Structure formats: C-alpha cells, structure tokens
Amino acid sequence: MSDFFYCENLVGGYGGENILNDCSVSVNKGEISVIVGPNGAGKSTAMKSIVGFVDLRLGEVKFCGKLITNFNPNIAAQLKIGYVPQEKNVFASMSVNENLELGAYLNLENQSKVLDQVFSIFPTLYERKNDIVGTLSGGQRQMVAIARAMMLEPKLLLLDEPTVGLSPKFTRIIFEKIKEINSSGVSVLMVEQN
C-alpha cells in the first residue's frame, strides 16, 4: 500500500446496507489513479467514504501517515484533500468568483495567489468570473467545481465522474485539465465510467 494515501478493506454504505465490501484503493504521491466500473458498483460511495460522508463499519483510510477513517469532511479539507462530487457540485445562483471564494474558506491567506493559479489552469473561468454559474455550459460548470476544489491547494484531489454528461469536446478538455493539475504536483483519485 502507498505511504501517501490508501484505504483498505472498506465495508460501509447507507442505513443498514453495505455498498462497499472489502474495498481497497491506493494513490502514490504524484500519480493519477482511476476507479473504473459500471453504475451501482460503489465507486461514488467509496469516494464519499474517504472524505467522511459515508460511515465505514470496517477498514481504514490513511492519508500522509494519518489515520482518517470516519473523520468529518471538514477535517479531510483541513488535511488538503479536495473533493468534487458527481452531482450538485456548484452553487448555480452565485458567480464564478463567489464559487471560487467559497473554495478558499480554509486558505484565505493564499486566496489571491491561488486564484491566479486556478485562472491560469482555467482561463475560460477568468473570462466568465463575474457570470452566474447557472448560465455556464455543463463543461464550464464542471471546471468551476474542480477550480473551487483547487482553491484549497489540495495534496490529493478526489474527482467523482468529472466527465459525466459532457460532450466529447469538454470531456477531452476536462481530462487535459486534470493532467495539468496533476503535473503541478497534485495527486488525483478519479472515478470514471469511460
């Protein structure tokens, strides 16, 4: 298992039902790891369990040498784990800038510097920074979601199906941006069907 991040033998789910049964995943520092599988296989549940949105009954999650099993999602963010859920991942009635500012709530001292870095990765968002997110295309909204997670300056970025429902053009752009983020030193764990 990786010394950077791993979850091992996870068992958990919703209510009394186990969705995860003996699930193990690891990410080495600096790499992109992908969980691939069909709908209903538990991929999203695994991601949610890592950041504390799903209680685990068994198993452990470890990040940078620290045991974080069943930690509060806010603690995961404090440890610099960014998370972009598959759905409802932007505030559609707010501007691009307002969404990004919310992502910096734990990183206020570096907000301006990180905002510049995020806009260098997503120049389209700079052009649309004052626009209401609900007026953007699906691909641009996904860029906002990823950019907001990047405002935390994560060490590990969790992306739950970042290309779901996107056109082939935006799918290609999102994958290019993920590679760019990774090359800047951010490790990535991604769920994909493709």
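Note that the structure is a prediction, hence the values are computed from the model and not measured. These numbers come from the heavy atoms of this one structure, side chains and all, not from hydrogens, waters or symmetry mates.
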Where is the tightest heavy-atom contact between [X] and [Y], given as atom of each residue plus distance?
X: Tyr83; Y: Lys48; value: OH-CG, 3.3 Å
X: Ile32; Y: Met190; value: CG2-CE, 4.4 Å
X: Gly82; Y: Pro154; value: N-CB, 3.7 Å
X: Lys177; Y: Pro123; value: NZ-CD, 4.1 Å
X: Leu102; Y: Met94; value: CD1-CE, 3.6 Å
X: Val96; Y: Val144; value: CG2-CG2, 4.1 Å

Without swapping roles, check the side chain of [X] against the backbone of [Y] for a donor-acceptor pair under 3.5 Å.
X: Ser33; Y: Leu189; result: no
X: Lys80; Y: Leu152; result: yes
X: Lys43; Y: Glu192; result: no
X: Asn99; Y: Phe91; result: yes
X: Asn9; Y: Cys23; result: no
X: Gln142; Y: Pro162; result: yes
X: Arg148; Y: Asn89; result: yes

inquiry  = Quick check on Lys155: does its NZ atom have over 12 non-hydrogen neighbours (other residues, nucleotides or ligands) under 6.0 Å away?
reply    =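 No, not enclosed.
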For a 4.5 angstrom cut-off between non-hydrogen side-chain atoms, does [X] reach [Y]?
X: Leu156; Y: Leu79; result: no
X: Leu20; Y: Ser49; result: yes
X: Arg128; Y: Thr135; result: yes

task = Evaluate the criterion ring pair (Phe, Tyr, Trp, His ring centres under 6.0 Å) for residue pair Tyr6 and Phe63; output intermediate values, then yes/no.
result = CA-CA 7 Å; Tyr6 74 86; Phe63 178 64; over 10 Å; no
request  = Could you pull out all residues at least two apart from Glu153 that satisfy salt bridge (Lys or Arg N to Asp or Glu O under 4.0 Å)?
outcome  = Lys113
Under a 4.5 Å side-chain heavy-atom rule over Ile, Leu, Val, Met, Phe, Trp and Tyr, are [X] and [Y] clustered together?
X: Val90; Y: Leu125; answer: yes
X: Val118; Y: Ile174; answer: yes
X: Phe122; Y: Leu157; answer: yes
X: Ile50; Y: Val186; answer: no
X: Met151; Y: Leu136; answer: yes

From [atom1] ([X]) to [atom2] ([Y]), nearest 0.5 Å:
X: Ile178; Y: Ile121; atom1: CD1; atom2: CD1; result: 11.5 Å
X: Lys66; Y: Ile75; atom1: NZ; atom2: CD1; result: 8.0 Å
X: Glu8; Y: Leu58; atom1: CD; atom2: CG; result: 12.0 Å
X: Glu60; Y: Ile68; atom1: CD; atom2: CD1; result: 10.5 Å
X: Arg141; Y: Ile146; atom1: CZ; atom2: CD1; result: 13.5 Å
X: Ile181; Y: Ser187; atom1: CD1; atom2: OG; result: 12.0 Å

message = Can you classify the ring geometry of Tyr126 versus Phe119 as parallel (below 30°), tilted (30 to 60°) or perpendicular (above 60°)?
response =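 Tyr126 and Phe119: perpendicular rings.
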key: Test item: side-chain donor near acceptor, Gln140 and Thr124, under 3.5 Å   = no
key: Steps toward side chain to side chain contact (heavy atoms under 4.5 Å, CB included) verdict (Ser95, Asn130)   = CA-CA 5 Å; Ser95 72; Asn130 296 315; 5.6 Å; no
query = Passes side chain to side chain contact (heavy atoms under 4.5 Å, CB included), Lys129 versus Leu100? Steps please.
reply = CA-CA 9 Å; Lys129 66 183 177 181; Leu100 299 182; over 6 Å; no
ask   = Going by side-chain heavy atoms closer than 4.5 Å, which hydrophobic residues are tied to Val54, directly or by a chain of links?
value = Tyr14, Ile19
request  = Would you please test Cys64 and Phe5 for side chain to side chain contact (heavy atoms under 4.5 Å, CB included) and show each step?
outcome  = CA-CA 6 Å; Cys64 293; Phe5 169 80; over 6 Å; no
ask   = Could you go step by step and tell me if Met143 and Ile173 meet the side chain to side chain contact (heavy atoms under 4.5 Å, CB included) rule?
value = CA-CA 9 Å; Met143 288 181 194; Ile173 290 170; 3.4 Å; yes
request  = Could you tell me which residues satisfy side-chain hydrogen bond (donor to acceptor under 3.5 Å, both in side chains) with Glu180, sequence neighbours excluded, listed by chain and number?
outcome  =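 Testing Glu180 for side-chain hydrogen bond (donor to acceptor under 3.5 Å, both in side chains), a comparison that skips the adjacent residues, returns none.
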